[in-house]
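Only one structure is covered here, and it is reproduced in the block below.
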Amino acid sequence: MTHIWVRSESRAHEERVGLTPKGAARLLASGYQVTVEESRQRVLPIDDYRVAGCAIAPAFSWVDAPDDAIIFGLKELPEDGTPLRHRHIMFGHAYKGQPAGQVLLERFKAGGGSLFDLEYLTGEDGRRVAAFGYWAGYAGAAVALMCWLAQQNGGQAEAVKAYPSANHLLMELQQDLVACGTARPTALIIGALGRVGTGAADLCHAMGVATTKWDVAETASGEPFPQVLEHEIFLNCILARPGTPVFVPSGAKVAPRVLSVIGDIACDPDSDFSPIKVYDRTTTWQEPALRVHKQPVLDVTAIDNLPSMLPAESSEDFAEQLLPHLLTLDAIDRGVWARARGWFDRAVG
């Protein structure tokens, strides 16, 4: 019997989960064994999983799970250096040269475990089968607008938080915009036709922000892209990969520009292929804006778990996309799982 073990997330502010109680019930009805760890911060209550029929385990007890259990989480594992012996489903951020990712791969090599990276869970057409992209774009655009608002008041964005729903976020942001006056920034979105870009565009539309939408056709001519500097807000929704052009070169800090906020929603600053060269580290919930130039001001926001600001909606959406593929885990050596395993094997081979 295939055993799926849903672990508790160790990262602060990470309330999301990739399996809902309804989805767990489907897995159980299909013959899977499902264990769910208790969690102090998960947005969905543990009692709902218990009612669905799941076994309940203490938080962070996955380290003692049976060898054949498949450990399912979202964000990074505790960075304690211990060897990893299980099969893990998670976002590993390990295949683009990231330093922390290389450490993670060494832990798998040491323990004999394996990684099925959710970012590389793809169909035969190469497209990801499940992603948090829409809500990352939505929340990322909101945080970029918060950064712009703080600049209008002569400051820098303060800590962000999770919201009970997207409507709560919209109401608060609208109130802040009205308090600021009638001015609205312009925004340029690159990757506007994808999931992330669509979410970003929807937030901008809801807030009355005039938006220029670019995708493959508009960037095909290659860099430079001076139009980026002609908008107050730039939202990058393109994942870093070989061949990605540079949208914001290091010289943009001192170049003539209207640009004052960069929202790097794709958020891969330590990748060799990052298209934004004015910063080198992610930002946090506590300090969402990194000021990379003082005069004229330029802030970068690059939070790597943006959908956690809207944990209920993003969890339900992602879990619904992923469930059909979780239901094929009894054939983990085929299909989407085999393709994800291939990326791991090549990385550690």
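These numbers come from a predicted model, not from an experiment.
Side chains of Asp330 and Tyr32: a donor-acceptor N/O pair is present below 3.5 angstrom, by distance only. Side chains of Gln227 and Trp214: no donor on one and acceptor on the other come within 3.5 Å. Residues Tyr95 and Glu119 have side chains that never bring a donor and an acceptor to within less than 3.5 angstrom of each other. A donor-acceptor pair shorter than 3.5 Å cannot be found between the side chains of Asn167 and Ser165. At a cut-off of 3.5 Å, with distance as the only test, no side-chain donor of His205 or Thr211 sits close to an acceptor on the other residue. The closest side-chain donor-acceptor pair between Glu15 and Ser308, if any, does not fall under 3.5 angstrom.
Ile233 and Ile190 fall into different hydrophobic clusters, where Ile, Leu, Val, Met, Phe, Trp and Tyr side chains are chained together by heavy-atom contacts under 4.5 Å. Grouping the Ile, Leu, Val, Met, Phe, Trp and Tyr side chains by contacts below 4.5 angstrom, directly or via other members, places Met146 with Ile189. Side-chain heavy atoms closer than 4.5 Å link hydrophobic residues (I, L, V, M, F, W, Y) into clusters, and following such links, possibly through other members, connects Val196 to Val143. Using a 4.5 Å cut-off between side-chain heavy atoms of Ile, Leu, Val, Met, Phe, Trp and Tyr, with links allowed through other members, Leu177 and Tyr163 fall into the same hydrophobic cluster. One hydrophobic cluster, built from ILVMFWY side chains closer than 4.5 Å, holds both Val261 and Leu306.
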Inset, instruction - Test side-chain contact (heavy atoms from CB on, under 4.5 Å) on His93 and Lys75 and set out the steps. - result: CA-CA 9 Å; His93 303 293; Lys75 299 301 287 186; 3.5 Å; yes

Requested in this report: Would you please test Leu298 and Ile262 for side-chain contact (heavy atoms from CB on, under 4.5 Å) and show each step?
Outcome: CA-CA 8 Å; Leu298 182 59; Ile262 298 170; 4.2 Å; yes

Is there a side-chain hydrogen bond (donor to acceptor under 3.5 Å, both in side chains) between Arg107 and Thr82 once you walk through the steps? CA-CA 6 Å; Arg107 293 174 65 187; Thr82 55; 3.1 Å; yes

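With contacts defined as side-chain heavy-atom distances shorter than 4.5 Å, the pair Leu121/Leu322 qualifies. Residues Val248 and Val300 have side chains not in contact (no heavy-atom distance under 4.5 Å, counting atoms from C-beta outward). Side-chain atoms of Val292 and Leu290, non-hydrogen and from C-beta on, do get closer than 4.5 Å to each other. Between Met207 and Gln174, some side-chain heavy-atom pair lies under the 4.5 Å cut-off. Between Leu74 and Phe318 the shortest side-chain heavy-atom distance falls below 4.5 Å. In this structure, Glu232 and Leu259 have side chains that are not in contact, with every pair of non-hydrogen atoms separated by 4.5 Å or more. For the pair Ile4 and Leu329, the minimum side-chain heavy-atom distance is below 4.5 Å. In this structure, the side chains of Leu327 and Leu323 come closer than 4.5 Å at one or more pairs of heavy atoms.
Tested against Ile56 for a side chain to side chain contact (heavy atoms under 4.5 Å, CB included), the candidates Asp47, Thr35, Ile46 yield a single pass: Ile46. Residue Ser260 is tested with His293, Gln152, Gln151 for a side-chain hydrogen bond (donor to acceptor under 3.5 Å, both in side chains); the sole match is Gln151.
A salt bridge between Arg7 and Glu38 is absent, with no side-chain N of the basic residue lying under 4.0 Å from a carboxylate O of the acidic one. Salt bridge absent: Asp317 and Arg16 never bring a charged side-chain N and a carboxylate O closer than 4.0 Å. Looking at Asp299 and Lys294, no side-chain N of the basic residue comes within less than 4.0 Å of a carboxylate O on the acidic one, giving no salt bridge. Contact check on Arg281 versus Asp270 returns no salt bridge, with no Lys/Arg side-chain nitrogen under 4.0 Å from an Asp/Glu carboxylate oxygen.
Put simply, the side chain of Gln156 never gets that close to the backbone of Cys147: no donor and acceptor are under 3.5 Å apart. The backbone N or O of His325 lies less than 3.5 Å from a partner atom in the side chain of Thr328, making a donor-acceptor pair. Of the possible donor and acceptor atoms, one in the side chain of Ser30 sits under 3.5 Å from a partner among the backbone N and O of Arg26. Arg184 contributes no side-chain N or O that, together with a main-chain N or O of Gly208, makes up a donor-acceptor pair within less than 3.5 Å. Side-chain N or O atoms of Glu287 include none that pairs as donor or acceptor with a backbone N or O of Thr284 at under 3.5 Å. Counting only distance, with no hydrogens or angles, the side chain of Lys96 and the backbone of Ala240 share a donor-acceptor pair below 3.5 Å. Judged purely by atom type and a 3.5 angstrom limit, Ser315 has no side-chain atom pairing as donor or acceptor with the backbone of Ala312. Panel note: side chain Thr283, backbone Pro288; a donor-acceptor pair is recorded below 3.5 Å. With Arg257 contributing its side chain and Lys253 its backbone, the two residues share a donor-acceptor pair below 3.5 Å. No side-chain donor-acceptor contact under 3.5 Å links Glu223 to the backbone of Pro245.
Closest of all the heavy-atom pairs between Arg128 and Leu118 is NE-O, 4.1 Å. A pairwise comparison of heavy atoms in Ile265 and Ala200 identifies CD1-CB, 4.3 Å as the closest pair. Residue Met90 comes nearest to Leu115 through the heavy atom pair CG-CD1, 3.5 Å, listed as atom of the first residue, atom of the second, then distance. Closest of all the heavy-atom pairs between Pro256 and Leu229 is O-CD1, 4.0 Å.
Side-chain rings of Trp135 and Phe132 stay apart, their centers remaining 6.0 Å or farther from each other. Separation of the Trp62 and His88 ring centroids falls under the 6.0 Å cut-off. A centroid separation of 6.0 Å or more is found between the aromatic rings of Phe344 and Tyr120.
For the pair Arg87 and Phe116, the cation-pi test (distance below 6.0 Å, angle within 45°) is failed. In this structure, Arg334 forms no cation-pi arrangement with Trp337, as its terminal cationic atom is not both closer than 6.0 Å to the ring centre and no more than 45° off the ring axis. A cation-pi contact links Arg42 to Tyr49, judged by a cut-off of 6.0 Å to the six-membered ring centre and 45° from its axis.
For CZ of Arg195, the number of neighbouring non-hydrogen atoms (other residues, nucleotides, ligands) closer than 6.0 Å is greater than 12.
To the nearest 0.5 Å, atoms CD1 (Ile276) and OG (Ser250) are separated by 13.0 Å.
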